[in-house]
K.L.:
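Dumping the structure here so I can ask a few things about it.
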There are 2 protein chains.
Amino acid sequence: MSETDDRLQRYLEDELGECRDENLQERLDELDELESTLDGDIVSSDVQTLSALGNETRYRLVRLLVEADEPLCVCELTPLVDVSNSAVSHALSTLSDAGLVTKRKEGRWRKYRATSRASALLTVLDGSR
Amino acid sequence: MSETDDRLQRYLEDELGECRDENLQERLDELDELESTLDGDIVSSDVQTLSALGNETRYRLVRLLVEADEPLCVCELTPLVDVSNSAVSHALSTLSDAGLVTKRKEGRWRKYRATSRASALLTVLDGSR
DNA sequence: TACTTATCTGAACGAGTCTGCAATTGAAGC
DNA sequence: GCTTCAATTGCAGACTCGTTCAGATAAGTA
């Protein structure tokens, strides 16, 4: 066996010996590249959005704000969910960081409103069930 | 002051004295009803879906599966993300419980594929940025 | 049969999250 | 000024999560 054959042999063993077949390997390389160019900021912003909504208290608050269709304050929201007003305030600030609600000062109150991103997500959840 | 006036007085203090105004109170009662009829199963299934996707490893796996557009196995996915194959397996099983991927036995491998719910969610995230 | 590869499972540990409490800020009204 | 109500903040305790490690299972191969 020539040296070239030998190297080819090792190449084939390395690349094709196990779970990856020929055609797929190319495709996986493409995916790998795609993975590495996927902007890390986008990933973490999406993950932040999803995990903000992936909590029962926060999910219910967002549903309420979307359905209310008018801005509500902490003191209005608290009786509608089963946690303290402090927890509601914490929750809303997490949601605000994630871009799912906006806050507006209004006299003595701070009125929260769901963003379009929030209602788009709920719409997809409802529509893909 | 008559007894009726007295009761009315107390009513007004209870209902209108603080952060809720008249019209809104009605609206809030509606929301409260809506809240309580919101099926708890739907809430927890949505929350499960969102929190499954709200984690970097799992989010990247789903993105890869959506973009691959063909079923991939653990051993193909592991090199594309930065965790052990055991972690990938755990992650995929979480995603499977959440209805974001499906699993199919294929010889020695188990091939995972993203569900339409998964790609719908990613589409909305991309489209509402 | 034993051996290898792919995957899964359970335990364990550290890290992170959620909530309530108490104290604080800020705005309005007396 | 003081009081009240709304909301926030910091903190502590309980709980949950994500990962790795080690061991088990299962399917194909020699």
K.L.:
B:Val74 or A:Val88: which one's nearest nucleotide on DNA chain C is closer to the 5' end?
P.N.:
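Per heavy-atom nearest nucleotide, the more 5' residue is B:Val74.
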K.L.:
What is the distance, rounded to the nearest whole Å, between atom NZ of A:Lys111 and atom P of D:dT8?
P.N.:
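Going from A:Lys111 (NZ) to D:dT8 (P), I get 13 Å.
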K.L.:
Could you point out which residue of B:Leu53, B:Val81, B:Asn55 forms a side chain to side chain contact (heavy atoms under 4.5 Å, CB included) with B:Leu61?
P.N.:
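Answer to the side chain to side chain contact (heavy atoms under 4.5 Å, CB included) test with B:Leu61 among B:Leu53, B:Val81, B:Asn55: B:Val81.
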K.L.:
Between A:Lys105 and A:Ala91, which is nearer to the 5' end of DNA chain C once each is assigned its nearest nucleotide?
P.N.:
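Mapping each residue to its closest nucleotide by heavy atoms, the 5'-most match is A:Ala91.
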K.L.:
Which whole-number value in Å describes the distance from B:Leu92 CG to C:dT9 P?
P.N.:
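The answer, rounded to whole Å, is 12 Å.
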K.L.:
Let me see the working for A:Asp46 and A:Arg117 under salt bridge (charged side-chain N to carboxylate O under 4.0 Å, His left out), right down to the final yes or no.
P.N.:
CA-CA 11 Å; A:Asp46 280 0; A:Arg117 195 165 161 80; 3.1 Å; yes
K.L.:
Atom CD of A:Glu56 and atom C1' of C:dT17: how far apart are they, to the nearest Å?
P.N.:
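Taking atom C1' of C:dT17 as the reference, CD of A:Glu56 is at 15 Å.
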K.L.:
Does B:Lys103 make a side-chain N or O approach to OP1 or OP2 of C:dC8 shorter than 4.0 Å?
P.N.:
yes
K.L.:
For A:Glu70, is the CD atom crowded, meaning more than 12 foreign heavy atoms sit under 6.0 Å from it?
P.N.:
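Yes, CD of A:Glu70 has more than 12 neighbouring heavy atoms, counting only those of other groups under 6.0 Å.
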K.L.:
Would one find a side-chain N or O of A:Arg110 under 4.0 angstrom from OP1 or OP2 of C:dA27?
P.N.:
no
K.L.:
Output the distance between atom CG (B:Leu92) and atom OG (B:Ser96), rounded to the nearest 0.5 Å.
P.N.:
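Going from the CG atom of B:Leu92 to the OG atom of B:Ser96 covers 8.5 Å.
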K.L.:
May I ask you to evaluate whether A:Tyr112 reaches the phosphate of D:dA6, defined as a side-chain N or O under 4.0 Å from OP1 or OP2?
P.N.:
no
K.L.:
Atom CZ of B:Arg104 to atom C1' of C:dA6: distance rounded to whole Å?
P.N.:
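Atom-to-atom, B:Arg104 to C:dA6, this comes out as 16 Å.
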K.L.:
Taking atom P of D:dC17 as reference, at what distance in whole Å does atom CD of B:Gln48 sit?
P.N.:
10 Å
K.L.:
Does the base of D:dT9 carry an N or O that pairs as donor and acceptor with the side chain of A:Ser89 under 3.5 Å?
P.N.:
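Not at all, since no donor on one side and acceptor on the other fall under 3.5 Å apart.
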K.L.:
Strictly below 4.0 Å, N to O, side chains only: are B:Lys111 and B:Glu76 in salt-bridge contact?
P.N.:
yes
K.L.:
Can you check the A:Leu53 CG to C:dT17 C1' distance for me, whole Å?
P.N.:
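My rounded result for the distance is 16 Å.
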K.L.:
Using OP1 and OP2 only, check whether a side-chain N or O of A:Arg58 sits under 4.0 Å from C:dC18.
P.N.:
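Checking A:Arg58 against C:dC18: at least one side-chain N or O falls below 4.0 Å of OP1 or OP2.
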K.L.:
Between D:dT4, D:dT9, C:dC8, which one does the side chain of A:Arg108 approach most closely?
P.N.:
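Comparing D:dT4, D:dT9, C:dC8 against the side chain of A:Arg108, the answer is D:dT4.
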K.L.:
Under 4.0 Å, heavy atoms only, any strand: does A:Ser93 hit a base, just the sugar-phosphate, or nothing?
P.N.:
nothing
K.L.:
Less than 4.0 angstrom between a side-chain N/O of A:Asn55 and OP1 or OP2 of C:dC18, yes or no?
P.N.:
yes
K.L.:
Is a donor-acceptor pair below 3.5 Å formed from side chain B:Ser86 to base D:dC21, judging by atom type as modelled?
P.N.:
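Such a pair is found, so the answer is yes.
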K.L.:
Look at the side chain of A:His90 and decide which nucleotide, out of D:dG18, C:dT19, C:dT7, has an atom nearest to it.
P.N.:
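Selected nucleotide (nearest to the side chain): C:dT19.
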K.L.:
Using the side-chain heavy atoms of A:Trp109, tell me which of these nucleotides is nearest: C:dT19, D:dT20, D:dA7.
P.N.:
D:dA7
K.L.:
C:dC18 P sits how many Å from A:Leu95 CG, rounded?
P.N.:
10 Å
